[in-house]
Amino acid sequence: MKNKYERLSKHDKMECRNLYYATSKGKEMRLRLIRLTITGVIGLLFSIYLVGQGVLQQNIHWYDYLVFVPLLIASFIFLVGSFVIRKKVLNQFAIKIPKFKNK
């Protein structure tokens with residue numbers, strides 16, 4: 001099942017998440033995903049701050065874009081990647097658990 005986790009009800013999703021995060025592998029994965037999300041948010045906010053500061057001071061040059069654009073892209077990739085990885089891992093867990101096989 002490619003999208004087993006997506007087809008679960010809201011209550012079952014919460015139960016699946018809690019069961020996964022109760023395992024040792026789940027605890028480690030949760031910390032890594034939180035760290036990845038925080039890194040993405042901080043990078044995104046910092047790049048927006050740098051762009052805003054440059055625009056307000058009207059002192060933005062072409063080489064400033066060499067910092068803004070890659071930081072913005074990397075931060076966006078981190079944020080999207082954390083959600084994709086979370087969904088993929090929870091889907092694999094939902095497939096393996098016998099409780100969710102018939103749902």
Side-chain angles (χ1 to χ4, degrees):
M1 296 275 158
K2 191 172 183 181
N3 56 358
K4 179 71 171 181
Y5 180 73
E6 290 293 317
R7 292 187 294 127
L8 293 175
S9 68
K10 185 177 181 180
H11 176 67
D12 289 338
K13 283 183 182 181
M14 188 182 317
E15 189 176 350
C16 181
R17 245 182 280 136
N18 291 337
L19 285 173
Y20 179 69
Y21 291 144
T23 64
S24 61
K25 186 178 178 183
K27 289 176 185 175
E28 182 181 338
M29 182 61 74
R30 186 175 196 175
L31 290 175
R32 289 179 183 208
L33 290 173
I34 289 172
R35 191 177 316 135
L36 191 63
T37 304
I38 290 173
T39 303
V41 168
I42 289 173
L44 189 65
L45 292 175
F46 188 66
S47 66
I48 290 171
Y49 168 75
L50 288 176
V51 170
Q53 183 182 13
V55 169
L56 288 176
Q57 293 179 354
Q58 297 176 351
N59 191 16
I60 202 165
H61 300 288
W62 66 269
Y63 49 83
D64 291 332
Y65 290 107
L66 295 176
V67 175
F68 303 155
V69 173
L71 182 61
L72 188 67
I73 291 171
S75 300
F76 185 70
I77 289 172
F78 279 15
L79 283 174
V80 171
S82 70
F83 292 115
V84 169
I85 291 170
R86 181 176 291 126
K87 188 189 303 183
K88 180 180 176 183
V89 167
L90 287 172
N91 187 41
Q92 289 174 351
F93 184 74
I95 291 171
K96 291 179 184 177
I97 298 299
K99 182 176 186 176
F100 300 114
K101 283 195 177 192
N102 295 330
K103 293 186 178 185

### Task
Ignoring hydrogens and angles, tell me if any N or O in the side chain of N18 forms a donor-acceptor pair with the backbone of M14 under 3.5 Å.
yes
### Task
Mind checking the CG-CD spacing from L90 to E6? Nearest 0.5 Å is all I need.
10.0 Å
### Task
Quick one: closest heavy-atom pair of M29 and Y20, and the distance?
CB-OH, 3.7 Å
### Summary
Applied to residues 36-55, the side chain to side chain donor-acceptor pair (under 3.5 Å) test, sequence neighbours excluded, yields T37-S82
### Query
Are there more than 12 heavy atoms of other residues, nucleotides or ligands under 6.0 Å from atom CZ of F46?
no
### Query
Which residue pairs pass the side chain to side chain donor-acceptor pair (under 3.5 Å) test with at least one member in residues 61-75, sequence neighbours excluded?
N59-H61
### Query
Say you draw a straight line from NZ of K87 to NZ of K13; how long is it, rounded to the nearest 0.5 Å?
8.5 Å
#### Entry: Shared-cluster residues of F83, by chain and number - hydrophobic side chains joined below 4.5 Å
none
### Partners meeting salt bridge (Lys or Arg N to Asp or Glu O under 4.0 Å) with R30 (sequence neighbours left out)
none
### Message
Under 4.5 Å side-chain heavy-atom separation, chaining through any Ile, Leu, Val, Met, Phe, Trp or Tyr, what else clusters with I38? Say none if it is isolated.
### Response
I34, I42
### Query
Where do Y21 and R86 come nearest, in terms of heavy atoms and distance?
OH-NE, 3.6 Å
### Summary
Members sharing I48's hydrophobic cluster, built from side-chain contacts under 4.5 Å between Ile, Leu, Val, Met, Phe, Trp and Tyr, are V41, L44, L45, L72, L79
### Query
Taking all non-hydrogen atoms of both residues, which atom of K27 and which atom of A22 are closest, and how far apart?
CE-O, 3.7 Å
### Query
How far apart are the closest heavy atoms of L36 and F78, and which atoms are they?
CG-O, 3.8 Å
### Task
To the nearest 0.5 angstrom, please state how far the CD1 atom of I95 sits from the CD atom of Q92.
7.0 Å
### Message
Give me the atom names and distance for the closest heavy-atom approach of L50 to V67.
### Response
CD1-CG1, 4.3 Å
### Query
How far does NZ of K25 sit from CZ of F93, to the nearest 0.5 angstrom?
10.0 Å
### Query
To the nearest 0.5 Å, what is the distance between CG (L19) and CG (D12)?
10.0 Å
